[in-house]
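Below: the structure, in structure tokens.
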Amino acid sequence: QVQLVESGGGSVQAGGSLVLSCVASGPTPGRMRMGWFRQAPGKEREGVASVYIPDSSTEYSDSVEGRFTISQDTAKNTVYLQMNSLKSEDTAMYYCAAKSAFSVSFASLRPDDYDDWGQGTQVTVSS
């Protein structure tokens, strides 16, 4: 099981930027994908960005494409989410997720494609 700890959330005005960090620890057999998800009150959990660690390929939701960037620092076992041009509709709890297995071969925005989840970090964007 991979342990994930998110940080970097906070409050920002619309148009501003934030960077979220997710540090992974624990055994990681096989290949790994990591993703960022968000959930606003009363809404389903939504995948916003994912990275397939071995080749750094990425996937983004339409709602954040061009504004958010997922990146990795393998030496620090850390994945980042750079969020620019934030909008009020980006307000949510943001979760980091990971799956490490020999069957993993691509990035994914589907929650069911992940086994391990962090506790979340709140992002609030005021207009």
Side-chain angles (χ1 to χ4, degrees):
Q1 185 176 5
V2 180
Q3 289 77 47
L4 303 169
V5 178
E6 305 101 330
S7 62
S11 297
V12 64
Q13 290 194 334
S17 299
L18 282 174
V19 180
L20 305 184
S21 300
C22 174
V23 180
S25 62
T28 56
R31 295 175 288 272
M32 178 181 274
R33 70 164 65 94
M34 294 187 72
W36 286 98
F37 293 77
R38 66 186 182 188
Q39 188 166 20
K43 294 189 176 182
E44 292 187 357
R45 189 166 293 191
E46 172 194 17
V48 297
S50 173
V51 59
Y52 176 55
I53 300 296
D55 65 9
S56 301
S57 58
T58 58
E59 184 176 359
Y60 296 93
S61 68
D62 291 343
S63 60
V64 308
E65 180 84 52
R67 299 189 298 122
F68 290 11
T69 302
I70 188 169
S71 62
Q72 58 176 317
D73 184 335
T74 53
K76 296 181 179 180
N77 294 324
T78 301
V79 169
Y80 303 95
L81 185 67
Q82 173 73 49
M83 303 186 295
N84 298 328
S85 303
L86 283 161
K87 306 175 181 179
S88 57
E89 50 263 44
D90 295 319
T91 295
M93 184 71 78
Y94 282 70
Y95 299 91
C96 178
K99 181 177 177 72
S100 181
F102 291 98
S103 59
V104 173
S105 59
F106 51 86
S108 173
L109 298 179
R110 295 178 65 246
D112 288 348
D113 286 339
Y114 293 84
D115 293 333
D116 304 302
W117 295 82
Q119 294 299 308
T121 184
Q122 178 68 37
V123 172
T124 302
V125 183
S126 57
S127 57

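Below, each value reflects all heavy atoms present in this structure, side chains not excepted, and no hydrogens, waters or symmetry copies.
S57 has its side chain out of reach of F106: every pair of non-hydrogen atoms, C-beta onward, lies at least 4.5 Å apart. Side chains of E89 and S63 form no contact here, defined as non-hydrogen atoms less than 4.5 Å apart. Contact check for E6 versus L20: no side-chain heavy atoms found under the 4.5 Å cut-off.
Here the straight-line distance linking atom OG1 of T28 with atom CE of M34 works out to 10.0 Å at 0.5 Å rounding. Taking OG of S21 as the reference point, atom CG of L4 lies at 12.5 Å (rounded to 0.5 Å). Between the CH2 atom in W36 and the CG atom in L109 there is a gap of 14.0 Å [rounded to 0.5 Å]. C96 contributes atom SG, which lies 11.5 Å from atom CD of Q119 (distance to the nearest 0.5 angstrom). Atom OG in S85 sits 7.0 Å away from atom CZ in R67 (nearest 0.5 Å). Separating the CZ atom in R33 from the CD1 atom in I53 is a distance of 11.0 Å, to the nearest 0.5 Å.
A donor atom on one side chain and an acceptor atom on the other are found under 3.5 Å apart for S56 and Q72. D73 and T78 share no side-chain donor-acceptor pair at under 3.5 Å. In this model, no donor atom of one side chain and acceptor atom of the other lie less than 3.5 Å apart for Y95 and T121. S11 and Q122 form no side-chain donor-acceptor contact under 3.5 Å, judged by distance and modelled atom types alone.
Considering only residues two or more places apart in sequence or on other chains, D115 meets the side chain to side chain contact (heavy atoms under 4.5 Å, CB included) condition with K99. Residues that satisfy the side chain to side chain donor-acceptor pair (under 3.5 Å) test with Y52, not counting sequence neighbours, are R31.
Although no hydrogens or angles enter the test, the distance criterion places no donor-acceptor pair under 3.5 Å between the side chain of Q13 and the main chain of S126. Side-chain N or O atoms of S50 include one that pairs as donor or acceptor with a backbone N or O of S108 at under 3.5 Å. The closest donor-acceptor contact from the side chain of Q39 to the backbone of E44 lies at 3.5 Å or more, if one exists at all.
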Test log, rule side-chain contact (heavy atoms from CB on, under 4.5 Å), inputs Y114 and V104: CA-CA 10 Å; Y114 293 84; V104 173; over 6 Å; no

Check against side-chain contact (heavy atoms from CB on, under 4.5 Å), C22 and V5: CA-CA 5 Å; C22 174; V5 178; over 6 Å; no

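Y80 and I70 are not part of a single hydrophobic cluster, where members link through side-chain heavy atoms under 4.5 Å apart.
Nearest approach of S61 to G47, heavy atoms of both residues: CB-O, 3.4 Å.
When the options T91, V123, D90, L81 are evaluated for a side-chain contact (heavy atoms from CB on, under 4.5 Å) with R38, the one that passes is D90.
A distance below 6.0 Å separates the ring centres of W117 and F37.
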